[in-house]
Protein chains: 2
Amino acid sequence: MLAKGKIMESPELEKIRDEFTEIAGQLSARLGLSRTVGQLYALLFLSDEPLCLDYMVERLRVSKGSVSTNIRELEKWGGVRKVWVKGSRKDFYEANPDTLKIVINRFKGGIQERLNEMSEGISRFEKVVSEIESNLPVEEKKKAQFYREKFRKVKKMQALINTFLKIIPKKILL
Amino acid sequence: MLAKGKIMESPELEKIRDEFTEIAGQLSARLGLSRTVGQLYALLFLSDEPLCLDYMVERLRVSKGSVSTNIRELEKWGGVRKVWVKGSRKDFYEANPDTLKIVINRFKGGIQERLNEMSEGISRFEKVVSEIESNLPVEEKKKAQFYREKFRKVKKMQALINTFLKIIPKKILL
DNA sequence: TACTTAGTTTAGAACATTCTAAACGTTCTA
DNA sequence: TAGAACGTTTAGAATGTTCTAAACTAAGTA
């Protein structure tokens, strides 16, 4: 199953590895990823050699389909990469050791997407308000003004977050 | 329904408000909160007066139970606060205007909890490894060493994230 | 060509989350 | 004290996600 054939493991080390992957799985689930994604990454992170699908299936007791789907998900955002192991026609994977970078990039990407969605909405709203404002009765005009103010606040927040996201890598990575 | 009696609204402004809350709801859902929490906060954020449960029920077309539960969730982490409106025995709420602070605090808290869980695990693992290491066969000793190294890496990451979380408020808030 | 091996895709099962509707407990009012 | 007003709690419905099992595709091997 392993790249260079299976070796016997001490039950204690085996247990540590299982618990490690389990914790990573929970972490992953809490962060909005699937549990299996976290488990897979952890398993590879804690391995000194590339692993094949069947091995991961056996170790984590999950279905082959699930491993297949989730490992490709991981691959998509650079969490693991496929490696060649000569003498085998299986796919082997190894973890990208730069865990922090992976997490941060994914995280940044997600936030930025959301911010963009919000921005589109806000622009649209501002446009509508300026179009209708002159035709509103006094009371409503006040409300329109109030909305404007709020939209400005939201945009300011978005800008803050954006500049902040840009400085993250410098601050945290080395 | 409103604190000072209901006023007619222009349909355009009404539509903007509904879309605004909708977007906030989606944002909220993506960030791991319930959709309704986001909608409630957005509705209050965009209101120039405190709102009561029934009004929120009517505006968002969600059940009273859901509003009750979710507004208290929001209250718990400082997103909204209950205000007194004289002449009514209803509960009125207003949004904490410091949106960014709320989000960041919640976010920080969540991450820190997860880090602590991880830390506990890692400490336990390190203890076990050092206890059993001397009794392991050569091949396994190497693996134990390898595990140690990985644990050290994880701890280093945790430390980085922790110091980073501490500087967030200064960097982003004002 | 038939068989084996490996990975992918998919229909539906299992599960967790969040909602609704309704019952409920309190507090106020007449 | 009866009834209304209000918010809370809860059982179960609706929904969404992620898994499994099995069918499938592709590629190597005998």
Side-chain angles (χ1 to χ4, degrees), chain A residues 1-3 21-22 24-44 50-76 79-94 110, chain B residues 1-3 5 21-22 24-44 50-76 80-94 110:
Chain A
M1 286 299 190
L2 290 163
T21 57
E22 179 55 31
Q26 284 171 17
L27 194 67
S28 174
R30 297 266 193 163
L31 263 52
L33 305 169
S34 88
R35 182 182 131 151
T36 309
V37 160
Q39 289 182 302
L40 285 172
Y41 181 80
L43 188 59
L44 289 166
L51 305 176
C52 69
L53 289 200
D54 285 336
Y55 180 80
M56 299 188 250
V57 166
E58 193 191 309
R59 285 275 44 116
L60 301 177
R61 304 283 157 89
V62 289
S63 72
K64 208 174 169 187
S66 186
V67 171
S68 172
T69 307
N70 283 297
I71 203 84
R72 269 176 305 142
E73 182 68 22
L74 261 170
E75 202 181 3
K76 214 189 301 174
V80 301
R81 66 192 192 96
K82 213 178 272 194
V83 295
W84 223 235
V85 170
K86 60 180 171 181
S88 172
R89 60 192 179 90
K90 290 185 176 183
D91 292 348
F92 286 82
Y93 291 89
E94 63 181 19
Chain B
M1 286 299 191
L2 290 163
T21 57
E22 178 54 30
Q26 284 171 17
L27 195 66
S28 174
R30 297 265 194 162
L31 263 52
L33 305 168
S34 88
R35 181 183 131 148
T36 310
V37 160
Q39 288 181 302
L40 285 171
Y41 181 81
L43 188 58
L44 290 166
L51 305 176
C52 70
L53 290 200
D54 285 336
Y55 179 80
M56 299 190 251
V57 165
E58 194 190 311
R59 286 275 43 118
L60 301 177
R61 305 281 158 88
V62 289
S63 71
K64 208 174 170 187
S66 185
V67 171
S68 173
T69 307
N70 282 297
I71 203 84
R72 271 176 302 140
E73 181 68 21
L74 260 169
E75 202 181 5
K76 213 189 301 174
V80 302
R81 67 193 191 96
K82 213 178 273 193
V83 294
W84 223 234
V85 170
K86 59 181 172 183
S88 172
R89 59 192 179 89
K90 290 184 175 184
D91 292 348
F92 285 82
Y93 291 89
E94 64 180 20

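Treat the numbers as computed from the prediction; the structure is a model and nothing was measured. Chain A is the first sequence line, chain B the second, and so forth, proteins listed ahead of strands; every chain is numbered from 1.
Here the C1' atom of nucleotide C:dC19 and the CG atom of B:Leu33 are 16 Å apart, to the nearest Å. Following rounding to the nearest Å, B:Leu60 (CG) and C:dT18 (P) show an atom-to-atom distance of 17 Å. Distance CG (A:Asp54) to P (C:dT5): 11 Å, rounded to an integer number of Å. Nucleotide C:dC19 holds its C1' atom 15 Å from the CZ atom of B:Arg72, rounded to whole Å. Going from atom CD1 of A:Ile71 over to atom P of C:dT9 covers 15 Å, rounded to whole Å. Between the NZ atom of B:Lys90 and the C1' atom of C:dT27 there is a distance of 15 Å, rounded to whole Å. Per the geometry, CE belonging to A:Met56 stands 12 Å off C1' belonging to C:dG7, to the nearest Å.
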Please tabulate the protein-to-nucleotide N/O contacts below 3.5 Å involving nucleotides 28-30 of chain C, giving atom names and distances.
none

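Residues satisfying the salt bridge (Lys or Arg N to Asp or Glu O under 4.0 Å) criterion with A:Glu73, sequence neighbours excluded, are A:Lys76. Partners of B:Arg30 under the salt bridge (Lys or Arg N to Asp or Glu O under 4.0 Å) rule, at least two apart in sequence or in another chain, do not exist in this structure. Residues passing the salt bridge (Lys or Arg N to Asp or Glu O under 4.0 Å) test with B:Lys64, sequence neighbours excluded: none.
Of the side-chain N and O atoms in B:Ser66, none sit less than 4.0 angstrom from OP1 or OP2 of C:dT18.
For the contact set between residues 34-43 of chain B and DNA chain C, defined by any heavy atom under 4.0 Å, the members are B:Ser34, B:Thr36.
Extent of DNA chain D lying under 4.0 Å from chain A heavy atoms, first and last nucleotide in 5' to 3' order, is D:dC19 to D:dG28.
Donor-acceptor pairing under 3.5 Å, judged by distance alone, is present between the side chain of A:Lys64 and the base of C:dG7.
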